[in-house]
Amino acid sequence: MALRDGFLCPTYRFPNPFSFTSRSRDAGRRFAESATAAVAVRRKRPQNVEGEFFVDHLCIDCDTCRWMAPEVFTRVDDMSAVNRQPSCEEERIKALQGVYHCGYHSERSYGATSYFVTHPEGNILVDSPRFTERLACNIEMLGGVHYMFLTHKIISIEEQGLLPIYNNRDDVGDHEKWSKRMQCERILHSGDVEISTADVENKLCGEGPWDIATDFKLIYTPGHTEGSVCLYYKPLKVLFTGDHLYGSEESDLAFSVIYNQQSVSLQLKSIRKLLDFDFEWILPGHGRRVTFRDNQEKNSALEAFLARQEPMYA
């Protein structure tokens, strides 16, 4: 992440790698310098290999660094660690036209991923990154935000079973700050509206589906929460799933059971809905992204996953 200059950067694209600019190399150096200066307050985990880049003792094992840069990070003793020091000259940024990974993962959202989609009919911010002035300026340079789509509700500390130190707000995060800065229209299903999201401008009702502009469809997928909704970007065959479905280190497809707010059987019914949509990318809020060669491979993977899971929760 630091090697990418801390900017919102395009990280998902049908492979089209390009070399780091001198600006990015300078950013990597600045990060290394600041990391070295912070050693006194942020202790390196001893599991890191020696070098300027490291994971500190505040790691919450959210998996973000490992799926973003698996060549650098690994998991040791239940937390992340640097397995190999990066080389700026050899690093490549992968981009997917119009879809940007916002970065700025926060422990307040337990490392949740937010995405930014540029579109001529209005840009969309998918879930909430940590609000920073730097990220806000970069988004404004790309045309600002017309819609802020929230895949599901705030999940409290007690519901998540997390320690209070994380002040967890799940993927909704800093939605109010982003709304005020970008003057954007927020979208959230009414089943997930709570006090902190009572002023959301667009509350979805019913079971949909709903359309945004000409290229986006909202798919109602309850299970993780009552109002979980996925965003389907049709031209690029991308599905933004929030916490509904994701990839894991152990398997290609996975979903939450211990953090579910609704029944698992309901969530599996929602996953089965996805067989009707032609997509090749799963970009989740938590967990790892998943890619398929084509829709046939996607459906085969979903059918196999459901065949394993449905008998367990019938």
Side-chain angles (χ1 to χ4, degrees), residues 12 62-64 67 99 101 109-115 117 124-128 148-155 159-160 168-173 187-193 197 204 206-210 212 216-234 237-292 295 298-299 301-306 308-310 312-313:
Y12 305 111
C62 68
D63 191 37
T64 302
W67 66 254
V99 178
H101 173 204
S109 65
Y110 203 60
T113 302
S114 176
Y115 306 93
V117 185
I124 300 176
L125 184 61
V126 182
D127 284 325
S128 176
M148 183 176 189
F149 169 63
L150 304 173
T151 57
H152 62 289
K153 72 172 185 174
I154 292 172
I155 297 180
E159 290 173 314
Q160 283 277 29
N168 190 283
R169 298 189 68 195
D170 210 56
D171 301 57
V172 173
I187 302 172
L188 178 66
H189 195 278
S190 58
D192 276 7
V193 172
T197 49
L204 304 174
E207 298 184 1
W210 308 268
I212 302 178
F216 301 91
K217 188 174 291 292
L218 302 179
I219 307 167
Y220 183 51
T221 52
H224 178 66
T225 64
E226 179 184 348
S228 288
V229 177
C230 293
L231 174 65
Y232 174 41
Y233 187 13
K234 292 177 277 188
K237 299 185 177 182
V238 173
L239 187 71
F240 299 92
T241 57
D243 288 358
H244 176 58
L245 185 67
Y246 49 86
S248 71
E249 291 181 276
E250 294 77 23
S251 61
D252 290 336
L253 293 174
F255 71 125
S256 170
V257 175
I258 61 173
Y259 297 139
N260 269 27
Q261 306 301 297
Q262 302 288 300
S263 72
V264 176
S265 60
L266 176 61
Q267 185 163 2
L268 289 170
K269 289 180 181 178
S270 295
I271 292 173
R272 184 164 285 281
K273 286 184 184 179
L274 303 181
L275 292 167
D276 297 332
F277 298 90
D278 181 4
F279 59 89
E280 298 172 5
W281 292 75
I282 291 176
L283 299 184
H286 286 99
R288 300 190 174 198
R289 64 185 183 270
V290 182
T291 62
F292 306 98
N295 189 57
K298 179 268 291 183
N299 279 349
L302 281 177
E303 290 282 16
F305 175 76
L306 290 167
R308 293 192 302 271
Q309 299 296 331
E310 285 176 332
M312 299 170 58
Y313 300 100

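Side-chain N or O atoms of Gln261 include one that pairs as donor or acceptor with a backbone N or O of Tyr259 at under 3.5 Å. At least one donor-acceptor pair closer than 3.5 Å links the side chain of Ser270 to the backbone N or O of Pro222.
Checking Thr151 against Asp127 by side-chain atom types alone, a donor-acceptor pair falls below 3.5 Å. For the residue pair Asn295 / Glu280, no side-chain donor-acceptor distance below 3.5 Å is found, with atom types taken as modelled.
Around atom NZ of Lys269, no more than 12 heavy atoms belonging to other residues, nucleotides or ligands sit under 6.0 Å away. Dense packing is recorded around CD of Glu249, with more than 12 heavy atoms of other residues, nucleotides or ligands lying under 6.0 Å away. In Asn260, the CG atom is crowded: over 12 heavy atoms of neighbouring residues, nucleotides or ligands sit closer than 6.0 Å.
When the side-chain hydrogen bond (donor to acceptor under 3.5 Å, both in side chains) test is applied to Ser263, the partners found at least two apart in sequence or on another chain are Ser265. Under the rule for a side-chain hydrogen bond (donor to acceptor under 3.5 Å, both in side chains), the partners of Ser228 that lie at least two apart in sequence or sit in another chain are Thr225. With sequence neighbours excluded, the residues that form a side-chain hydrogen bond (donor to acceptor under 3.5 Å, both in side chains) with Lys217 are Asp211.
At a threshold of 4.5 Å between non-hydrogen side-chain atoms, the residues Leu302 and Leu245 count as touching. Two residues are said to be in side-chain contact when any heavy atoms from C-beta on lie closer than 4.5 Å; Thr113 and Val126 fail this criterion. When side chains are defined from C-beta on, His152 counts as touching Asp243, because their heavy atoms get closer than 4.5 Å.
A ring-centre distance under 6.0 Å is found for Tyr115 and Phe240. For Tyr246 and His286, the gap between ring centers reaches or exceeds 6.0 Å.
Paired with Gln267 under the rule side chain to side chain contact (heavy atoms under 4.5 Å, CB included), one option of His244, Gln262, Gln309, Arg272 passes, and it is His244.
Remark: Lys298 qualifies as a cation-pi partner of Phe279 under the 6.0 Å distance and 45° angle criteria applied to the six-membered ring.
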